[in-house]
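Indexing begins at 1, ligand by ligand and atom by atom, following the structure's order. Not measured: the values here are computed from a predicted model.
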Amino acid sequence: MEGMTNSAVVLADTAAYAVAVEEASQAAAAYYATGESTLDDDAYDRLARGIAAYEQAHPQEVLAGSPTGKVAGGAAVGDVPHTVPMLSLDNVFSAEQFVTWTASLERRIGRPVEAWSVEPKLDGLAVAARYREGRLEQLITRGDGTAGEDVSHAIGTVVGLPGQLAEPVTIEMRGEILMTTEQFEQANTVRTEHGGAPFANARNGAAGTLRAKDRPYTVEMTFFAYGALPLPGSGELAGTLAELPHSEVLAQAAELGVHTAAGTDVAPRTVTTVEDVQLRVEEIAALRASLPFGIDGIVIKADLAADQHDAGSGTRAPRWAIAYKLPAVEKVTRLLDVEWNVGRTGIIAPRAVLEPVEIDGSTVGYATLHNPADITRRDLRLGDHVMVYKAGDIIPRIEAPVAHLRTGEEQPVVFPEACPQCGSEIDTSEQRWRCVRGRNCRLVASVSYAAGRDQLDIEGLGATRVVQLVDAGLVADFADLFALERE
Ligand code: IVH
């Protein structure tokens, strides 16, 4: 868990505090309305922590519009009341903070927590899906936690939320709606084909899509349940749900046909010790980069209903659950240039040059762009603000331009007309462009590679010798190697 960013913006005086509150409210409003926040998550968190620190030191100056202590930073609206508030979660950022939190929870309930559920913190939007007698009737956003917005128009476009449950029960499924990486790519392809601006990342895509009505196209999203509640009319199911451990509630949801994280590499696990929680946290953190959907942390919950009941809830968050946040893996930066490099096989690959940005403890100055079509499809322009993603050891990539930050000054990316290495023509017949000379474009590199130990393993044929052979005109083509004579 190194490189964890939990620093705060330092606010020097009342004026700086007021500006910060204004900026945070605007960002929260944009984030929950369209997903188009001007701040990335990390920047928002640092601002919110700065505001909270200032308010702690100057309690008499707290502004009514402050996001502190409010679900969704006080931004969201809605007119469908929730039967039980849809709360947020408190955060920890390290193993030490987690241990301190468990100790305070155990002090509060007066006994050790019997079992913990450790599950992914899915990076999407919280929704409540109301099923009446097995039929999906209403889909509601979290809103301000007490009332949300009716987004039932999205029913039918969300994988994992069946129209009909396996049994005719009345129940509310709560969970997260998100776009998988594949759905996000698909959404941006369809949107740009329809002349729309691409979504900056999967979360923005889910936020924008969930609220949009009357679009001429539909894009798919995915639901993951992380809880279930009775509704008026649930009958005896209400009593059962109130007594079941959280892990069994999730199992029931899955049995009814609703999607959960159970089938994924980061499936919820029930463990009994804090050490085992920490081990699973580390496993999930390590799996993050390879998941087909975004997570921004791990949620740890007291599993037993009795432990949850005795812990109770505050106005913003339950006391029996905590979000163990992982470092932000996405940042907004600028696309300064696109370089075109010729590989050993003659492939001409674009690479994005970025305004250097720190992500998860390292500085990112470049990102991969797969091929020229990728640039066109994403409608990338020089000078664009772009959302850059980097997790674990993976090569940083651009998710999409942040279209609403465009100024009009952005310039088109210039594509090469001749091979940047040797000046020959470019074969553009495939998605990946290639110098017509193929391997012979970078002859020294490709012959040295072929002669290497793991390939042909030609003893005595190192890079120096290859340069001599090429310079002497003895090798002009890869095949010439085999026609060389002793002299
Ligand atoms: S439990 C009362 N479990 O994170 C318990 N929430 O930052 C509240 N989230 O509002 C929710 N994955 O939208 C829970 N496995 C998970 C979750 C999860 C993502 C979201 C949820 C919540 C937010 C808090």
> Listed by chain and number, what are the side-chain hydrogen bond (donor to acceptor under 3.5 Å, both in side chains) partners of Thr218, not counting sequence neighbours?
Replying inline: none
>> Among all protein heavy atoms in this structure, tell me which lies nearest to atom 12 (N) of ligand 1, with the distance rounded to 0.1 Å.
In response: Leu122 N, 3.0 Å
> If only atom types and distance count, is the side chain of Ser66 paired as donor or acceptor with the main-chain N or O of Leu63 below 3.5 Å?
Replying inline: no
> Taking the six-membered ring for Trp, are Tyr324 and Phe98 parallel (under 30°), tilted (30 to 60°) or perpendicular (over 60°)?
Replying inline: tilted
> Closest non-hydrogen protein atom to atom 15 (N) of ligand 1, residue and atom name please, with distance?
Replying inline: Glu119 OE2, 3.0 Å
> Which protein heavy atom lies closest to atom 24 (C) of ligand 1, and at what distance to 0.1 Å?
Replying inline: Leu89 N, 3.6 Å
> So which heavy atom in the protein is nearest atom 20 (C) of ligand 1, and how far is it from that ligand atom?
Replying inline: Glu176 OE1, 3.4 Å
> Heavy atoms only: which of Lys301, Lys121, Gln308 is nearest to atom 3 (N) of ligand 1?
Replying inline: Lys301
> Is Arg49 close enough and on-axis enough to Phe93, meaning under 6.0 Å and within 45°, for cation-pi?
Replying inline: yes
>> Between Gln278 and Glu282, do the side chains contain a donor N or O and an acceptor N or O under 3.5 Å apart?
In response: yes
> Which residue holds the protein heavy atom closest to atom 2 (C) of ligand 1, what is that atom called, and what is the gap in Å?
Replying inline: Pro318 CG, 3.5 Å
> How far is atom 6 (N) of ligand 1 from its nearest protein heavy atom, and which residue and atom is that?
Replying inline: Tyr226 CZ, 3.5 Å
> Hey, mind stepping through Ser117 and Glu119 against side-chain hydrogen bond (donor to acceptor under 3.5 Å, both in side chains) and telling me if it holds?
Replying inline: CA-CA 6 Å; Ser117 172; Glu119 48 196 84; 2.8 Å; yes
> With backbone taken as N, CA, C and O and side chain as the heavy atoms from C-beta onward, which portion of Pro120 lies under 4.0 Å from ligand 1: side chain, backbone, both, or neither?
Replying inline: backbone
> Among protein heavy atoms, which sits nearest to atom 22 (C) of ligand 1, and what does the distance come to when rounded to 0.1 Å?
Replying inline: Arg142 NH1, 3.9 Å
>> Need the ligand 1 atom indices (1-based, order shown) with element for anything under 4.0 Å from a heavy-atom of Leu87.
In response: 8 (C), 10 (O)
>> Testing the 3.5 Å rule here: is there a donor-acceptor pair between the side chains of Glu243 and Thr240?
In response: no
